[in-house]
Structures are given as structure tokens and as C-alpha cells.
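Note that the structure is predicted; figures quoted are calculated from it, not measured.
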Amino acid sequence: NIKTKQITYYYEYNGNKFHANPKLFNSNDCPNPYNTNLTSEEIWEKDDIRYKSLFNEKNINTLVIWEDEAENILENLQDFINNKILIYDI
């Protein structure tokens, strides 16, 4: 969690299948392997309710990181860390 100006940001890692990544699935697809009757639309609604609840009850904004985005984010994070280490090692 990161707090800035009285706002808390919560980062949530969502698996592409379990949370039905909208870039990969249509609303009537059933991608979750543990609940094959649950549609993407139902998954999105459930997640949206949780995000709104966190915001309304605790003033927490949820920033979703999708499984297919994570590798790129981690690569950039490693570059950021490496650059900071170089700066402080001088």
C-alpha cells in the first residue's frame, strides 16, 4: 500500500483467467477453471463491488495489475531499483 495526500492505493494482482481479463475474454465467457459456470461479467461485477466497497468504506483506491502486465512491470521495477542503486553507490 502507498499513501499519498490522505489517499491509500491498494495494488491487486489479478490472474487473467481467475478475474477474466477483459482484454482476453468476452462478457459471456467462463474462464475461471474453478468455477466454470461463472461468466466474465459476473466476475467483473464481483470485483467491482469489492473495489467500490474498499473505496467507500476505507478510502482505498484499487489499482489492478493484470497477469499479462506483470512481467513488464517487474522488468521496469528492476531497472528503477538498479538506477537508484547506481545513484547511491557513487
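The hydrophobic cluster containing Y51 also includes V64, W66, under a criterion of side-chain heavy atoms closer than 4.5 Å among ILVMFWY residues, counted directly or through chains of members.
Partners of E12 under the salt bridge (charged side-chain N to carboxylate O under 4.0 Å, His left out) rule, at least two apart in sequence or in another chain, are R50. Evaluation of the ring-ring contact (aromatic ring centres under 6.0 Å, His included) rule for F55 yields no partner, not counting sequence neighbours. The salt bridge (charged side-chain N to carboxylate O under 4.0 Å, His left out) check on D29 picks up nothing, with sequence neighbours excluded. Applying the side-chain hydrogen bond (donor to acceptor under 3.5 Å, both in side chains) rule to E42 yields the partners T39; only residues at least two apart in sequence or on another chain are considered. By the salt bridge (charged side-chain N to carboxylate O under 4.0 Å, His left out) test, K52 pairs with D48, sequence neighbours left out. L63 is linked by a side chain to side chain contact (heavy atoms under 4.5 Å, CB included) to Y9, Y11, counting only residues two or more places apart in sequence or in another chain. Every residue meeting the side chain to side chain contact (heavy atoms under 4.5 Å, CB included) condition with K23, not counting sequence neighbours, appears here in chain and number order: N21, D68, E69. Scored by the side-chain hydrogen bond (donor to acceptor under 3.5 Å, both in side chains) test, S40 finds no partners at all (sequence neighbours excluded). Scanning for side chain to side chain contact (heavy atoms under 4.5 Å, CB included) contacts around E45 gives E41, with sequence neighbours left out.
One distance of note links OG of S27 with CD1 of I43; it measures 11.5 Å at 0.5 Å rounding.
In this structure the side chain of N61 never reaches within 4.5 angstrom of the side chain of L54, judged on heavy atoms.
Not a single donor-acceptor pair under 3.5 Å links the side chain of E67 to the backbone N or O of N14.
Within the structure, the ring pair (Phe, Tyr, Trp, His ring centres under 6.0 Å) test picks out the following pairs touching residues 12-40 (sequence neighbours left out): F18-Y34. For residues 54-66, no pair satisfies salt bridge (charged side-chain N to carboxylate O under 4.0 Å, His left out), with sequence neighbours left out.
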